[in-house]
Amino acid sequence: MDNKVFILGVPLQSVSLDEAVAQVSNWLQGDVTRLVFTPNAEIIALAQDNAALKQALAQADLTVPDGIGVVWAAHLLGQPLKGRVPGIELLDRLLQMAAMDNYSVYLFGGCPGVAAEAKRRLEERYGDLNIVGFHHGYFDAEEEKKVQAEIQALRPDILAVALGAPKQELWLIENVGSLPVKLALGVGGSLDVIAGKVKRAPLLWRRLGLEWLYRIMTDRRRLKRAWQLPRFVVMVLKAKYRKA
Ligand code: UDP
């Protein structure tokens with residue numbers, strides 16, 4: 001895919017949600033394994049001092065801008081993006097497509113019980129969805145081998161990995177080459193939302209571009225990482241100033 005924009009060295013595709021879904025739909029009809037990430041401002045900031053994460057993001061087939069911070073930065077740096085493509089919405093659309101076109105799905109990540117509950121709710125929502133397997137995201141080396149073997153055996157079309165950043169990106173880069181899947185994507189905290197463990201911001205907050213603030217306010221774990229956001233802003237401003 002062309003129409004790439006670079007923010008602090010991280011490539012992002014300027015696509016709408018519909019275009020991203022159409023692209024993935026095409027890929028699912030082929031035989032090549034494709035990798036999709038959904039970097040937000042926090043992940044791009046993390047990548048500035050994590051070379052492996054930065055490299056992983058650059059190796060994906062598609063990186064969509066998850067969040068208003070990324071859209072703002074692109075605009076400021078003179079390479080506007082079409083808009084944001086929230087990872088949770090992309091995942092939801094892909095699961096709808098999977099139910100309709102009969103693609104099998106494996107859910108990997110989240111605390112014990114989360115992927116199982118996400119599976120239950122998704123099957124309730126999309127009756128025909130074929131979730132062939134799931135596993136939580138807190139594993140030792142031995143359990144990880146079991147997960148890899150299970151994915152090898154089940155050959156899901158879509159592998160959704162919710163280990164949080166940078167773990168999911170690094171795990172996928174290391175493993176995707178040996179897994180018989182058509183599409184692997186990092187989905188962050190999406191399984192928590194699907195399972196009802198975490199609430200998405202109300203629509204008004206989202207429309208105002210304040211989903212990030214809602215998440216910080218409602219999730220204590222995020223408060224500890226929130227400093228990445230002002231850091232991202234400062235780095236983007238510096239990049240603009242250097243360019244000007
Ligand atoms: N997680 C996991 N294994 C780990 C660390 C995290 O499965 O070793 C899960 C965690 O339970 C949560 C998700 O990864 O479901 C990360 O969520 P977060 O909201 O931090 O991700 P984001 O959406 O910001 O990428």
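Order of appearance sets the numbers: ligands from 1, and atoms from 1 within every ligand. Heavy-atom basis, side chains included; hydrogens, waters and symmetry copies ignored.
E117 has a carboxylate O that lies under 4.0 Å from a charged side-chain N of R120, or vice versa, which qualifies the two as a salt bridge. Between R125 and D92 there is a salt bridge, since at least one side-chain N of the basic residue sits less than 4.0 Å from a carboxylate O of the acidic one.
Sorted by chain and number, the residues within 4.0 Å of ligand 1 by heavy atom are G109, G110, C111, G137, Y138, A162, L163, G164, K167, G188, G189, D192, R215, R221, R222, R225.
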Can you list, pair by pair, the side-chain donor-acceptor contacts under 3.5 Å of residues 208-216, counting residues two or more places apart and other chains?
residue : atom : partner : partner atom : Å
E211    : OE1  : R84     : NH2          : 3.1
E211    : OE1  : R200    : NH2          : 3.1
E211    : OE2  : R200    : NE           : 2.8
E211    : OE2  : R200    : NH2          : 3.4
W212    : NE1  : G209    : O            : 3.0

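Taking 4.5 Å as the limit, every side-chain heavy atom of Q79 sits out of range of all side-chain heavy atoms of K4.
Side-chain atoms of Q228 and R231 form a donor-acceptor pair, as typed in the model, at a separation below 3.5 Å.
Ring geometry for H136 against Y138 counts as parallel: the plane angle stays under 30°, on a 0 to 90° scale with 60° as the upper cut.
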